[in-house]
Amino acid sequence: MKLTEMLGIKYPLIQGGMSNIATGEFAAAVSNAGGLGVIAVGSMTVDMVRKHVQICRSLTNQPFGVNLILINPDADAIAQMLIEEKVQVVTTGAGNPGKYIAAWKEAGMKVFPVVPSVALAQRMERSGADAIIVEGTEAGGHIGELTTLALVPQVVDAVNIPVIAAGGIASGRQMLATFALGASGVQVGTCLLVSEECPIHPNYKDAICKSGDTDTIVTGRIAGTPVRIIKNKMAREYIKKEKQGATAMELEVYTLGSLRKAVVDGDIQNGSLMAGQVAGQCKEIRPLKTIIENLFEEYKQAYLTLEKEI
Ligand code: TUI
């Protein structure tokens, strides 16, 4: 079944989680532009997430989802609340959501875990996931080891449910490439950060627009929580702390606190500016509708050009 039919959306495009950024308002704007908007739970409490779900519902009559990261200390209560609120789609990240899937499925929800490996994709399929979002290391935020090019076809061959590609996608050509690898849709984040509607500080958007291909870096590799961000003073200090032996917990607290500095305060030197390797392709701030429509227009053109050349 096509992803658009499965979810009741116009384009086979899911908005990436984007912790502490994707509010109910933003998710509604993505859904109104024809993709699947997704509220990011990030470090929110149960009551905050419920409020964002209600806001989103008041701003769109299109389907939308919620992204639950499993490092949130209230994950159990939030997982239950999503059932009470009859959220249609849940995506997950930064851990294994296996223990929630049966209850979510029983409530009629669609479950799309984000995974960085074949083994985890297979485990999610066995647990009852409806589709798998496969995220390559090109992505922003918390990442796995493998690239989208290597990972997507291996997961496509290993499971019998739709696979959605994530990481390294900010153009129609990249989208076409993932479809050639067997993906049924894409999840994008970085290219939506530079939308007019995205509620991050203008300095954060500006830093993405100014960045080039080699301007992201991965912190947290030693501690086992690799996070891709835009290179700045904070990133250099983080890596120094890591090399000096800071604990995983100290580093995680440091990262989450500094995400707020970037998103809310626009502190581009001390903040953690999560973004993927495609940041270098994102050069202007446009409305979400234009960004998404252009992606699919470029995809069609790229497909037709390729067909002519073969
Ligand atoms: O989750 C993401 N991206 C994120 S979450 C986040 S918040 C955060 N901030 C600081 C440190 C850590 C997290 C920012 N960006 N993407 C999806 C994703 N999930 N990437 C990798 C994974 C993943 C990793 C391990 C999924 C499952 C997993 O399972 C391990 C296991 O077996 O339990």
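Each ligand, and each atom within it, is numbered from 1 in the order the structure gives.
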Note to self: If the contact criterion is a heavy-atom separation under 4.0 Å, does Gly17 count as touching ligand 1?
What the structure shows: no
Requested in this report: Work out whether the distance between some heavy atom of Ile69 and some atom of ligand 1 is less than 4.0 Å.
Outcome: yes
Closest to atom 2 (C) of ligand 1 by heavy-atom distance, out of Gln187, Glu145, His142, Arg123, is His142
Using a 4.0 Å cutoff against the non-hydrogen atoms of [X], which atoms of ligand 1 qualify?
X	answer
Gly93	1 (O), 17 (C), 19 (N)
Met274	9 (N), 14 (C)
Ser19	6 (C), 7 (S)
Ile71	8 (C), 12 (C), 13 (C)
Val114	17 (C), 18 (C), 19 (N), 26 (C)
Glu135	16 (N), 17 (C), 18 (C), 20 (N)
Asn96	33 (O)

Under 4.0 Å between a side-chain nitrogen and a carboxylate oxygen: does that hold for [X] and [Y]?
X	Y	value
Arg221	Glu242	no
Lys210	Asp206	yes
Arg286	Glu196	no
Arg57	Glu85	yes
Asp130	Lys105	yes

(message) Ring centres under 6.0 Å, that's the criterion: do Phe179 and Tyr303 meet it?
(response) no
- prompt: N/O of Thr225 under 3.5 Å from N/O of ligand 1, yes or no?
  reply: no
Are any of the N or O atoms of Ala94 closer than 3.5 Å to those of ligand 1? yes
Residues passing the side chain to side chain donor-acceptor pair (under 3.5 Å) test with Lys86, sequence neighbours excluded, are none
Sorted by chain and number, sequence neighbours left out, side chain to side chain donor-acceptor pair (under 3.5 Å) with Lys289 holds for Glu293
Going by the 4.0 angstrom heavy-atom rule, the piece of Leu259 near ligand 1 is neither
Under 4.0 Å between heavy atoms, the region of Leu120 that gets near ligand 1 turns out to be side chain
Check: Between Thr45 and Asp74, does any side-chain donor sit less than 3.5 Å from a side-chain acceptor?
Finding: no
